[in-house]
J.: 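One structure follows; several queries about it will come next.
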Amino acid sequence: MLPYPSGQLHMGHVRNYAIGDALARYMWMRGYDVLHPMGWDSFGLPAENAALKQGRQPREWTLGNIAAMKRQFNRLGFAFDWNREVTTSEPAYYRWNQWFFLKMYERGLAYRKEALLNWCPECATVLANEQVVNGCCWRHETTPVEQRAMKQWFLKITAYAAELLDDMEQLREGWPERVLAMQRNWIGQSEGAEVDFAIDGSTDNIRVFTTRIDTIYGATCLIIAPQHPSVAKLVTDESERLKIKEMIDKTARQDPSSVEKLGLPTGQSAIHPFTNAKIPIWIGNFVLMGYGTGAIMAVPAHDERDFEFCKAHGIPIRPVIRPTDGALADEATIEAPFTEYGIVENSGEWSGLGSGEARKKMTAFAQAHGFGNESITYRLKDWGISRQRYWGTPIPMIYCPSCGLVPVPETDLPVLLPLDVTITGVGQSPLEAVASFINVPCPVCGAAARRESDTMDTFIDSSWYFYRYCDPHNDTAPFNSQTAAQWFPIDQYIGGVEHAILHLIYSRFWTKVMRDIGLINNPEPVKRLFTQGMVIKDGAKMSKSLGNVVSPDDMVAQFGADAARMYSLFAAPPDRDLDWQQEGVSGINRFLARAFRYVTRNSSPEKLDSSEVDDTVRSEADRTVLRKLHQTVAKITNDFDSRWHFNTSIASLMELLNELYALESKVSGVTLQIVSNTLTRLLAPFAPYTAQELWETLGHTKPVFRESWPEFDPELAKEDLAEIPVQVNGKLRGHLRVQFGTAKDDLQRLALTHEKVQPFLASKQIVKVIVVPDRLVNIVAK
RNA sequence: GCCCGGGUGGCGAAAUCGGCAGACGCAAAGGACUUAAAAUCCUUUUUCGCGCAAGCGGAGUGCGGGUUCAAGUCCCGCCCCGGGCACCA
């Protein structure tokens, strides 16, 4: 299960776990061995500072919070195994997080560098790219992130970019297309070439990345990002440098969705590698240092942004691609760039080639002459995992003045958080101030050294908790490989779509790293993924600021856990957003009460023992009730096995109960007993408390979810007669009630003579009669 | 701009493979029980026209076309809503 209860449990969690719990209980009743973990995070990062400000010790607070969460989940009746459940704040979990970190450090997958990072002033910590939503922190949706240059620890997720992309092929069957699309988008592979442009009068090059090397003869200038390392050499004048700094500041201050295109000429030129022509080098704020090489060749005739930039700065426009069925644009009159593939023109020996072929040949040419090569660029960036906060796994590194960066020896793990912190409330990790934590001897030379004070992003905890769940008490390894091999990959994962490019990409990465370390064999963690819709109220996502939050505790107090969770399954199919309607819950509540009364009043010994009726000779009412019962079993079993539309499963239970009420007085004791037993078991995945109580009322002692799921009998479920609609020209005119399997000819004859059909056939010519046995008759008449 | 979803009664929704549109629930109205209310039980409820009535007929799944005996469902072209990405070279 995906979402991480962070401090407060909300209806989204209830819905998520209601789906998973129904499924787990169903699978148990079908006799499967099911591990049913709940995803734990680190309990309330947003509330952490608040708790500390109240003077509570963080660990004490966290343990209290965990206990409170467990009570909430127990009240809701989710069948989690608390014995196995992994708490990511346990020393053992810290230890293995740190162990993984050191393994990655050994392999060069963990490294430290200075970079411009996203800083959330509210959290007082940096964020990974994935954790920035619309320019704001993912936890504080209205707090814009700031940019800060800091030295940070990164995990080299980009080393797995190609594999993360390619292996999505294996997930096509089991994962929702939109999640795959989002990941594909996020990884952002683009295939092209890198090409060197020599700086005129220098031995240095500027390397550009392009996906359209076929347009290179149309390159009329080079544009580099204001942060590009060559800027220092190209621009020496102080006042010009100041302008560039201004440009960076101005760009950073603007709304990222509509940044004004700014440009500055460097006064220097580059040599076009294909034509040897001199083209000017510009600095442009729309060129991103973080993507490709941070420099581009501008081809205004064939790129929107280049066109806009060159028009604004009076740079020539040189068309070199014409549409396959059209003419080359004219330099003087061109009004818009032609950005599609076409035929290459005005490009020396490559003129006349198609774009695709030109790309291949020109790349090969560049490679052969040593000024370029094929290149694949990704949008995905390395995962910045340093956090300047108390809560989280300490990064196990030590800074020694003489030895430099020294990993904490494995035998010294885990590095635990100190308990005696004071909260500064300002932008530095609270751990910085704890001398007993920070000051350590160097493990190599013994000199006085400093411990890293950053802690790990808590998404690390969630990247592998499900593996630990298989073997939670292992103290020699993160988990036993054989045990994990029995359970992995996960058959079914359930969670919110909001984790599509966060948790779900991190845990795929982590799995691949663990495979390379030799812990596991599976390249992917999850075979099938189900993303449930959001819980919405009054047309908006539930949130405190809108005041439209429904508290699960209030729901439990008012209607009980069963009604609350069952409503979250009934109001909409689980993959769609759910519009929470408070009055709707009372409908479920009524249903549960009706079911409860029906079973209890019919479970008295006298009722159940009055079974003089022979099981084989049943009344009409008995047969009707049993038919509905078996149809319901078939329906719900099918919903569980194929599509999880629990809203229709629950609707069919309601239909069944309506029928039972209608025929209650006419049904024999034996049938009542069968019906009560079956109904109670059908209820068990959705309403476990009610079902358990009824199950005991019916005289059973085993927990109901350890009983077997009811079998359905197709013979009993079958209707006696088929009701076949008769249409004339596609319009419904009447029904036939006939035996199943009635022959086509007979159906046609009956339909044509049907009294309600006749009037519509009078004075008409019968053209054709469509007969689908057991389904429908359609008479075509003119 | 690109990529995913979605659009069906007063509301949440159902129709699983092209075959009776609106199951189930909410809300509403009426009735039974009750001194009364709540709770419970029963009935009605897509819409328009005709009818005292049982009923009869027409229209109807965002819009416009198309395929088909038959379209909420398939195809083509649009509109609207939600989500994701977005100077990504």
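Quick note on labels: first sequence line is chain A, next is B, and so on, each numbered from 1.
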J.: Need to verify one output field. Residue with the more 5' nearest nucleotide on RNA chain B, Gly294(A) or Arg590(A)?
T.: Arg590(A)
J.: Checking contacts here: which listed nucleotide (C87(B), U40(B), C26(B)) is nearest the side-chain heavy atoms of Arg305(A)?
T.: C87(B)
J.: Of the options A89(B), G19(B), C4(B), whose atoms approach the side-chain atoms of Thr211(A) most closely?
T.: A89(B)
J.: If the P atom of A15(B) is compared with that of G72(B), how far apart are they to the nearest Å?
T.: 15 Å
J.: With ring-ring contact (aromatic ring centres under 6.0 Å, His included) as the criterion, how do His503(A) and Phe459(A) come out once you've worked through the C-alpha distance, each side chain's angles and the decisive distance to 0.1 Å?
T.: CA-CA 6 Å; His503(A) 170 63; Phe459(A) 272 100; 7.1 Å; no
J.: So which nucleotide from G84(B), A14(B), C88(B) ends up closest to the side chain of Arg576(A)?
T.: A14(B)
J.: Other residues, nucleotides and ligands only: do more than 12 of their heavy atoms fall within 6.0 Å of CD on Gln765(A)?
T.: no
J.: Choose from C26(B), A89(B), C42(B) the nucleotide whose nearest atom is closest to any side-chain atom of Arg594(A).
T.: C42(B)
J.: Asp579(A) side chain: which of C20(B), A15(B), G12(B) is closest?
T.: G12(B)
J.: Tell me which nucleotide among C24(B), C85(B), G19(B) gets nearest to the side chain of Asn185(A).
T.: C85(B)
J.: Taking the P atom of each, how far is C63(B) from C24(B), in whole Å?
T.: 26 Å
J.: If you count heavy atoms of other groups shown closer than 6.0 angstrom to CD of Glu374(A), is the number above 12?
T.: no
J.: Measure from the side chain of Pro573(A), starting at C-beta and using heavy atoms only, and say which of A13(B), C20(B), C41(B) lies closest.
T.: A13(B)
J.: What integer distance in Å separates Ile536(A):CD1 from C11(B):C1'?
T.: 15 Å
J.: Does a nitrogen or oxygen in the side chain of Asn729(A) sit under 4.0 Å from OP1 or OP2 of A70(B)?
T.: no
J.: Taking the same atom, P, in U45(B) and in A37(B), what whole-Å distance lies between them?
T.: 26 Å
J.: Any non-hydrogen side-chain atom of Glu655(A) less than 4.5 Å from a side-chain atom of Lys628(A)?
T.: yes
J.: Under 4.0 Å between a side-chain N or O of Asn589(A) and OP1 or OP2 of G25(B)?
T.: no
J.: Closer than 4.0 Å, any side-chain N/O of Arg775(A) to the OP1 or OP2 of C17(B)?
T.: no
J.: Among the candidates G7(B), C88(B), U16(B), find the nucleotide nearest to the side-chain atoms of Arg379(A).
T.: C88(B)
J.: Between G9(B) and G82(B), how far apart are the C1' atoms? Round to whole Å, please.
T.: 22 Å
J.: Give me the distance, rounded to whole Å, that separates C69(B) from G18(B) when you measure between the C1' atoms they each carry.
T.: 12 Å
J.: Verify the neighbour count for atom CZ of Arg207(A): are there more than 12 heavy atoms of other residues, nucleotides or ligands below 6.0 Å?
T.: yes
J.: OP1, OP2 of A59(B) versus side-chain N and O of Lys731(A): anything below 4.0 Å?
T.: yes
J.: So Arg184(A), base contact, sugar-phosphate only, or nothing? Heavy-atom distance under 4.0 Å.
T.: nothing
J.: Taking the P atom of each, how far is C42(B) from C26(B), in whole Å?
T.: 12 Å
J.: Measure the distance from CE on Met654(A) to C1' on G12(B) and round it to the nearest whole Å.
T.: 12 Å
J.: For residues Leu164(A) and Gln183(A), determine if any side-chain heavy atom of one lies less than 4.5 Å from a side-chain heavy atom of the other.
T.: no
J.: Give the ring-plane orientation class for His272(A) versus Phe274(A), where under 30° counts as parallel, over 60° as perpendicular and anything between as tilted.
T.: perpendicular
J.: Rounding to the closest angstrom, what is the interatomic distance between G62(B) and A54(B) at atom P?
T.: 31 Å
J.: Expected output check: what is the dot-bracket annotation of RNA chain B, where ( ) and [ ] are pairs inside the strand (brackets for crossing ones), | is paired with another strand, and pairs are Watson-Crick or G-U under 3.5 Å?
T.: (((((((..(((......[....))).(((((.......))))).(((((....)))))..(((((..]....))))))))))))....
J.: Of the nucleotides U16(B), C88(B), G19(B), which has the atom closest to the Asn638(A) side chain?
T.: U16(B)
J.: What is the nucleic acid contact for Lys635(A), judged by heavy atoms within less than 4.0 Å: base, sugar-phosphate only, or nothing?
T.: base
J.: Measuring only the P atom in each nucleotide, how far is G58(B) from G5(B)? A whole number of Å is fine.
T.: 38 Å
J.: If you check the Ser586(A) side chain, which of A27(B), G19(B), A89(B) turns out closest?
T.: A27(B)
J.: Any side-chain N or O of Lys768(A) below 4.0 angstrom from OP1/OP2 of C69(B)?
T.: yes
J.: Identify whether the glycosidic angle of G84(B) places it syn (within 90° of 0) or anti.
T.: anti
J.: Count the heavy atoms belonging to other residues, nucleotides or ligands that lie under 6.0 Å from CZ of Arg643(A), then report whether that count exceeds 12.
T.: yes
